[in-house]
Amino acid sequence: MLKINNLTAHYGAAQALFGVDLEISVGQTVALVGANGAGKSTLLKCLMGLVKPTAGQITLDGKDVTYHSPAHMARLGLALSPEGREVFSHLSVLDNLKLGAIPLKLSKIEERNRTAEVFKRFPKLSERREQQAGTLSGGEQQMLAMGRALMAKPTLLLLDEPSLGLAPLITDEIFSIIHQLSRAGTTILLVEQNAARALSASDKAYLLANGRIVEHGKSHDLLNDPALRAAFLGAASDENPAASRLGAAGLTNIRLEKPAMSQLNFMGAFENETALCTHQLEGLQWTVRHAYEGSSGYRAKFDKAGITPDSIQTLQDLSKLPFTTADDLRDGYPFPLRAVPFEQIVRIHASSGTTGKRKVLSYTQKDLDDWTHFFARCYQMAGVTPLDRVQIAVGYGIWTAGMGFQLGCEKIGALAIPIGPGNIDMQIQFLLDFQATVFCSTASMALLMAEEIHKRGIADKIAVNKIIYGSERSSRSMRRKISELFGGAELFDITGLTELYGPGTGIECKEHDCIHYWGDYYLLEILDPDTLQPVPDGEWGEMVVTTLRKEGVPLIRYRTRDITRIIPGRCSCGSIFPRHSRIKGRSDDTIKFRGVNIYPSSIDSILSTIPGIGSEYQIHLRRDQSGRDHMRLVVERGEGVDVKRGPELIHEVTHQIKKQLLVSTELELVDYSSLPRSEKKSRRVFDDRIQDEIV
Ligand code: ZN
């Protein structure tokens, strides 16, 4: 939209800008950050036609506008909310607003419509519409200056130092308005000294020092790059101001608001995959010894399998160990597989289940610390920073969910809003009042909220830009819908299970095509659920986990029943942590179809009662565009059965299935022996409903 090329400007003999390049696309919020005297205002004045550049070019929508007059630039759609507000203190709020539209020569009706729109966006101004502007507070004057610029319905809104001289709370309010404008699609150039605020409110940023762009990039990257943070935002502070490039450039007034931010890193310090493997082997050896010595249940299993702690010499020795299952946990109720004395247990959590058959897990303080640490890592991977506000709408209590989200959030230094699930009215109220930037819930809760936000038409009044969801599957179309209705929020699928600490054992990265799992806390095997042999990388199988540091209840080759696959190789996001696909389903037998649980074996037995039908069959499940599920049954004719009997057989099978299972199926009859057979159990269920979520 706007392109500035090699722009140079002088004030008298002094050069103020040195070959500045800058670009803004439609709908973007771009921050221009720098200290007093860095050249920010000169650049803005060049844009508005108030200062004539000495060299370079400014193009707007492809047209050269370098030497256009201020009035012409205003007609082209540029509007400035100036530094120091510059409101007319003796005029009323309403009259100040009207001034913003003067160059456009609007009709009375249009003028009234636009003031109404501005008042709607700034209810505080509406309350004070007849008040003299000079009697407004600083924050209100800033709103008035912004409102006056918005009267022109600008295609590019230029905000010069909107937070200058305002108290932190008022600054919050102004930035929340900027955020809303940006979400409503306004293209904004935000000029600020407050680097942290500007970076967290923008898509892209340019750092200006002494008339030169010294750094630029995605704001998120600039904010999260440790080197940049140290160079531009952190180290300029106390011990060694001169060490900072901005410090040297005179930008010493740039500070981050939470001082420890630059030290926060939960990613671990593994140089490469080999270092991670070394750590894993140590963890495995420790875990086997710990389980053997601490838990009579594990010791009995190991003895039976002829395993001693010394049996583990390499990571490959993992395959010698016996499996652990949900039954082992249920059988040991109430403290199954406990491997430490009660004195060391500080908390329990439980998974859902009928009374007495819940899976109860015991935690030591170290277990909780580890969990907290890698949950903070999840937030970090999703780009959550101490400046975020996290609305946690998952279950609190005996379940692990709420606790995990809470601990990790506090660890990373973000503001937690612990609300729990349900209560949509309160959720919406909180989103509006507290301006949460991150929303955590299950996928279906997120969808529910998304639809409610859409229904109430408040997408541009909330600030959520990230949704972290877990504990259930979600399709791509569902993800897309949630994101859209939330006003373009980015979605992150988080994994976890109670047996393995709780949620947070892995999360989708910003590339959005895999789940990174924390290989320094547990090992992941993908096995064929029937043969329990490993499947090659990239193939689907059951997720089997072995913890590496868990004290209270270590897990050894625990069968999770979740179906996923390893994605080999390192992710393009650069993280060293290994990855798997989103969870595709469960290896348990049941098929859930339109709310009915169906065991393939029941279809098996119905088919076996119909003469003329062969024994091989396949069940294909798919979901249509409207979200409705369909079941197609592929059935073989019996050996030697006449093709002409087809229609009659089709009718009989669909009728029997409808009668006995209460579901409708589409039936396809094929020749005898045309379906594949295998030595092992044949694959009979093809659930394509989840294809679109598989990555
Ligand atoms: Zn990645």
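When a ligand or atom number is given, it counts from 1 through the structure's own listing order.
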Inset, instruction - Keeping to residues at least two apart or across chains, list the side chain to side chain donor-acceptor pair (under 3.5 Å) pairs with something in residues 374-384. - result: Asn265-Gln380, Arg377-Asp520

Legend entry - Lys481: salt bridge (charged side-chain N to carboxylate O under 4.0 Å, His left out) partners, not counting sequence neighbours: Glu451

Inset, instruction - Flag the pair Phe577 / Tyr517 as yes when at least one side-chain heavy-atom distance between them is below 4.5 Å, and no otherwise. - result: no

Inset, instruction - Count, excluding waters, the protein N, O or S atoms that are closer to the Zn ion (ligand 1) than 2.8 Å. - result: 4

Legend entry - Exercise: identify the closest heavy-atom pair between Ile392 and Cys409: CD1-CB, 4.4 Å

Legend entry - Pair listing, salt bridge (Lys or Arg N to Asp or Glu O under 4.0 Å) test, anchored in residues 272-282, at least two apart: Glu273-Arg570

Inset, instruction - Tell me whether the centres of the aromatic rings in Tyr469 and Phe492 are closer together than 6.0 Å. - result: no

